[in-house]
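One structure below.
Excluded from the calculations below are hydrogen atoms, water molecules and symmetry mates; all remaining heavy atoms, backbone and side chain alike, are included. Letters A, B, ... mirror the listed sequences (proteins, then strands); counts begin at 1.
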2 protein chains.
Amino acid sequence: MSSSPNPAPPYASLDDTDRAILAELAADGRLPNNALAERVGVAPSTCLARTRALHGCGAIRGFHAEVDPAAMGLPLQALISVRLSAHDRAVVAAFRARSVRLPGMVAVFHVAGADDYVLHVRAASADALRDFVLDHLAVDPAVQHTQTSLIFEQARGLG
Amino acid sequence: MSSSPNPAPPYASLDDTDRAILAELAADGRLPNNALAERVGVAPSTCLARTRALHGCGAIRGFHAEVDPAAMGLPLQALISVRLSAHDRAVVAAFRARSVRLPGMVAVFHVAGADDYVLHVRAASADALRDFVLDHLAVDPAVQHTQTSLIFEQARGLG
DNA sequence: ATTCAGCCCGAACAAAATTCGGGAGCATTG
DNA sequence: CAATGCTCCCGAATTTTGTTCGGGCTGAAT
């Protein structure tokens, strides 16, 4: 009923209005449709159709509240660099699929370089974080090596 | 009219309803208040008051659309590890404040370990990414060293 | 036992989302 | 050149949602 049904067409024709809508909604996901319409300079009905189309073609992937992790009892965050023992497509895809479902997982980055993945995770405590690494990563035969960096502070970018 | 006016009181008393609201809104930031109320098992008016309180006390920091970077003409993403040349509070704070305003910046992580910061950035092309590093990081006297890892793929976590 | 504070609810009101029919601009076509 | 079909946009009517407000319940302190 919601997400993107298309197999990712190349973003053919996004005009300035579309990009303005994306920028506004990225900054404030709860901007009312009529206020959004006024800001980007079209009628509310038009704006709604645009927004739906953007959502339908996958340009808008979803809307999310940004929640303070501490409020959910997960005050610790970490970036975990993961090096895999093999790099065939199947191993990599399987690791990714498994990773996104791990508890406390915020984001999974498949990166170029010495390490293969960087995982952004949340945890309730240092013990929980250690257990996370031991229980879910260290035991994984696809994982050769991990390095955990505690996040002192995180800030959203503006650009 | 919107953001958090309080100086961040420790999250004293969040009950199960509050946590349910946070979880639902983190998963779907556009869930109507009606539907949200039904899911967490309270009246719409109560739910609205709860949500406002959560927003007011900083537990909810904001709402944002998740936009496909490619749709905004920024198909490349990278994680840039940054090592600073000094670590006094002033230098670190200044770097953070500068970073969040850089164009294409998605998130700034202040981390423990050999590196001081990890920057998540978007760019229009490889050239633009190189220019970003050269123009904004390499020239910064506070920056001792950077290492850029291209992001092949990114996925949101579910837990 | 009474008072009081805090919380929750449900109905009334206001505001927003959504639908729908029609009109303007434009490229193709007879 | 005129006609056709297409796409996109708009604005009013309808439905859904957000929001306010007064009253009732529970539990603790007096």
Side-chain angles (χ1 to χ4, degrees), chain A residues 1-6 9-68 71-73, chain B residues 1-68 71-73:
Chain A
M1 203 181 292
S2 53
S3 39
S4 58
N6 289 5
Y11 294 104
S13 49
L14 292 188
D15 60 13
D16 294 323
T17 301
D18 289 319
R19 275 185 288 271
I21 289 174
L22 291 176
E24 292 291 343
L25 288 180
D28 179 2
R30 278 207 156 177
L31 192 64
N33 181 61
N34 45 23
L36 175 60
E38 190 180 0
R39 287 202 193 185
V40 304
V42 295
S45 52
T46 302
C47 186
L48 182 64
R50 294 285 195 128
T51 304
R52 281 209 181 140
L54 289 170
H55 180 176
C57 79
I60 296 177
R61 290 173 174 166
F63 293 86
H64 307 282
E66 185 188 358
V67 175
D68 186 335
M72 293 200 303
Chain B
M1 204 179 297
S2 53
S3 38
S4 58
N6 287 7
Y11 295 104
S13 52
L14 293 188
D15 61 14
D16 293 323
T17 301
D18 290 318
R19 274 185 288 271
I21 289 173
L22 291 177
E24 292 291 344
L25 288 180
D28 179 2
R30 278 207 155 178
L31 193 63
N33 183 62
N34 277 338
L36 177 60
E38 191 179 359
R39 287 202 194 186
V40 304
V42 295
S45 52
T46 303
C47 186
L48 182 65
R50 294 285 195 127
T51 305
R52 279 201 183 148
L54 289 170
H55 181 174
C57 79
I60 296 177
R61 290 174 173 166
F63 293 88
H64 307 282
E66 185 187 357
V67 175
D68 186 335
M72 292 200 302

- Message: At a heavy-atom distance below 4.0 Å, what parts of residues 23-50 of chain B sit against DNA chain D?
- Response: Pro32(B), Asn33(B), Asn34(B), Ser45(B), Leu48(B)
- Query: Counting only heavy atoms not in Glu38(A), do more than 12 fall under 6.0 Å of its CD?
  - Reply: no
- Query: Is there any salt bridge (charged side-chain N to carboxylate O under 4.0 Å, His left out) pair reaching into residues 23-35 of chain A, and which pairs are they, with sequence neighbours excluded?
  - Reply: Glu24(A)-Arg39(A)
- The side-chain contact (heavy atoms from CB on, under 4.5 Å) partners of Ala26(A) (sequence neighbours excluded) come to Val67(B)
- Arg52(A): partners by side-chain contact (heavy atoms from CB on, under 4.5 Å), with sequence neighbours left out: Leu48(A)
- Task: Evaluate side chain to side chain contact (heavy atoms under 4.5 Å, CB included) for Glu66(B) paired with His64(A), printing each intermediate quantity in order.
- Result: CA-CA 7 Å; Glu66(B) 185 187 357; His64(A) 307 282; 3.2 Å; yes
- Earliest and latest nucleotide of DNA chain D, 5' to 3', sitting under 4.0 Å from a non-hydrogen atom of chain B? dT17(D) to dT20(D)
- Query: Considering all heavy atoms of both residues, which atom of Ala20(A) and which atom of Val40(A) are nearest to each other, and what is their separation?
  - Reply: CB-CG1, 3.7 Å
- Shortest non-hydrogen pair, Asn33(B) vs Pro44(B), comes out as ND2-O, 3.0 Å
- Message: Quick check on side chain to side chain contact (heavy atoms under 4.5 Å, CB included): which of Thr17(B), Leu36(B), Asn34(B) does Cys47(B) satisfy it with?
- Response: Leu36(B)
All N/O pairs under 3.5 Å across the protein-nucleotides 22-24 of chain C interface:
none

- Task: Check the distance between dA17(C)'s P and Ile21(A)'s CD1 and give it to me in whole angstrom.
- Result: 13 Å
- Message: Working note: Leu14(A) + Leu54(A), criterion side chain to side chain contact (heavy atoms under 4.5 Å, CB included); need CA distance, chi angles, decisive distance, verdict.
- Response: CA-CA 9 Å; Leu14(A) 292 188; Leu54(A) 289 170; 3.7 Å; yes
- Message: If you compare all heavy atoms of Ala65(B) against all heavy atoms of Phe63(A), which two are closest, and at what distance to 0.1 Å?
- Response: CB-CE2, 3.5 Å
